Amino acid sequence: MNSFATLTEWSDALQTKKISAVETVDYFGERIERLDPTLNSFITVDRERARQEALKIDADRARGGIISKLAGLPFGVKDAIDTEGIRSTGAAKILDTFVPTFDATVVKKLRASGAIIIGKQNCDAFGHGGSNENSMYGAVKNPWDISRVAGGSSGGSAVGVAADLCAFSIGEDTGGSVRAPASFCGVSGLKVSYGRTSRYGAMPMASSLDTVGPFAQTAEDLALILEHIAGPDPLDATSSYTPVQKYTEEIKKDIRGLKIGVPAEYFLDTLDDAINDAVVTALEALKSQGAILVPVSMPHTKYAIAAYYIIVPCEDSSNLARLDGIRYGVRRGESEMLSLYAQSRTEGFPTEVKRRIMLGTFALSHGYYDDYYLQAQKVRTLIKRDFDTVFEKVDILATPTAPEIAFKLGDKTSDPLKMYLSDAFVTPASLAGVCALSVPCGFVEGMPVGLQLMGPRMREELPLRAGHHFQQITSWHTHHPSL
Amino acid sequence: MKLTVQDVDHIAGLARLTIAPGEREQYVSEMSAILSYAQQLQTLDTSVVEPTTHLTEKLAELREDAVNSVTNEERAQLVAAFPKSHAGLLVVPQVFQDYKE
């Protein structure tokens, strides 16, 4: 196989027996062994286990018993998503020894399709961060320039695809955690609509926003993965019964007449000129295929970061209360209950996790609840209405994914607010629960730039269609770092 | 919004965290900056706006209220995932310090 093959190419080669599942696992396993000591995108790799599963897939295929397109394909899973029998730390030491007894539903579906877990990917601890520097297992490096961040929080999952260490990855996006690293690393990443995929087994961060979604080389690959992971789940009461589409067919439909809204609030004068130019050029490419660009306004966009960084820490603080040293993972201090809680949590969480727990605890506390949490939820309603209104006029929205290229490691670690502001273009879709895709659309200073395509809730086929057509007429997704 | 060192200590206590004396000032300044930024939310008139608490249009159907069975193997795995156990039972520190036989 050629390097950086798409999922679709791997799948064809496996189905026509040009390559075996064992050879596929070996290909990625060798790359991980060679490249990951530098990139640090995996926390746990289990090559031998993957090989055993591959042997079984090859034997099944030889007997004619394999029909799934994903059978034999090695994938990486963000370490904040539970995997049966494989350590799942969430990138925090409090879960250093935690081995789940079950698979997250998304993982379970993929494994049932014959896809093979090659390893667990580094991330910001429990998804807290936009740079992947908040991992207690070290920062992930950007394969385009190892002095720069990979983006976060699902940074390891983006690098897995960007550096060709796995056929695809499963990440988690609460406020940009799939899209931002996809943009920084030059790969395609999909934040699904809230409820499109099951959250069961994804370590909860902000339960009213969390989504589980894929990274791959192309929008077409994402469509194929989504077909396998979407759908309702009795174990997640918020999963949606809206019928799952045949995304791989839907994306091939014409984009002639597709109305693409261009919200002014994402293209302010303060936006970096080079990023603006890359995105505007991408919009022209879509227009050349018959899409109609429509200027729109979403007036509450500028409040998204403030609302997001109140709501999310509040939900974080209550969700993470379960990690107390009693029930899972690592226990510190044995003498007395309260000091055991405090010691296990204080030693087991990195600073950003503690900061969010503290912020959330404060914002939910007596006397501040109305001013912070309740007001943020009301502003969330206004942001959601912006989307509802605009989607009456247009089919999808197009914006930059991030206001910048991947920044240098350490540049923003001393200023959390500055770090949060990097999420300005990705948090609105999360608050509204709509779907959003990031695809590569150019380079600035040798680093990838992402185009964000947002669609209405449960309409993943629309941004995927635009992204697929964009990748038919551009070659940005075929550029790869030299490693 | 300007927090104090005392606020940070109080919040840490509620959150079951210990903030080292040398780190308190950092938490004060960083949390104060974030809360000050969030105060722009107060400039919006939301007197007639309902809060959004969830995004689910229809809750998944509830299953029958019945206990699911657990195999011995699953039970053993769950106990093994617990930080400390003894003879298949979960071990935690004493909760009631003054209890007398």
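Lettering follows sequence order; numbering is per chain, from 1. Values below: all heavy atoms of this structure, side chains included; hydrogens, waters and symmetry mates excluded. If you're wondering where the values come from, they're calculated on a predicted model, not measured in any experiment.
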* Structure fact -> Comparing B:Leu14, B:Asp7, B:Val92 against chain A, the one with the most heavy-atom pairs below 4.5 Å turns out to be B:Val92

* Minimum heavy-atom distance between A:Ala432 and A:Arg457, given as atom pair plus value -> O-CD, 4.0 Å

* Verify whether the ring centers belonging to A:Tyr420 and A:Tyr308 lie closer than 6.0 Å. => no

* Any ion pair linking A:Lys302 and A:Glu265 (charged N to carboxylate O, less than 4.0 Å)? -> no

* Structure fact -> Whatever's closer than 4.5 Å to a heavy atom in chain B on A:Thr101 counts as both

* **Part of B:Gln77 lying under 4.5 Å from any heavy atom of chain A** => both

* For chain A, which of B:Val91, B:Leu78, B:Leu35 has the most heavy-atom pairs under 4.5 Å? -> B:Leu35

* Measuring heavy-atom distances to chain A, does B:Glu23 have an atom under 4.5 Å in its side chain, in its backbone, in both, or in neither? -> neither

* Part of A:Ile310 lying under 4.5 Å from any heavy atom of chain B -> side chain

* **Residue A:Pro232 versus chain B: region with a heavy atom under 4.5 Å** => neither

* Contacting moiety of A:Thr351, where chain B heavy atoms sit under 4.5 Å -> both

* Asked: Yes or no on side chain to side chain donor-acceptor pair (under 3.5 Å) for A:Thr89 and A:Asp79, after CA distance, side-chain angles and deciding distance?
  -> CA-CA 6 Å; A:Thr89 69; A:Asp79 213 24; 2.6 Å; yes

* Quick one: of A:Tyr372, A:Phe98, A:Tyr194, A:Phe102, who has the most non-hydrogen atom pairs under 4.5 Å with chain B? -> A:Tyr372

* Salt bridge B:Arg16-A:Asp324, side-chain N to carboxylate O under 4.0 Å -> no

* Proximity breakdown for B:Thr43 and chain A, heavy-atom pairs closer than 4.5 Å -> side chain

* **Top of A:Tyr328, A:Tyr368, A:Tyr303, A:Tyr341 for chain B proximity - count of heavy-atom pairs under 4.5 angstrom** => A:Tyr303

* Check whether any side-chain heavy atom of B:Leu3 lies under 4.5 Å from a side-chain heavy atom of B:Met1, and answer yes or no. => yes

* Asked: Side chain, backbone, both or neither: which part of A:Leu421 has a heavy atom under 4.5 Å from chain B?
  -> side chain

* Short N-O contact, A:Asp173 and A:Lys191, less than 4.0 angstrom -> no

* Proximity breakdown for B:Tyr27 and chain A, heavy-atom pairs closer than 4.5 Å -> side chain

* Kindly say whether A:Thr346 contributes a backbone atom to a donor-acceptor pair with the side chain of A:Lys354 at under 3.5 angstrom? => yes

* Asked: Should A:Arg87 and A:Asp96 count as an ion pair when the cut-off is N to O under 4.0 Å?
  -> yes

* **Residue, of B:Thr53, B:Val95, B:Ile19, that accumulates the most heavy atom pairs under 4.5 Å with chain A** => B:Thr53

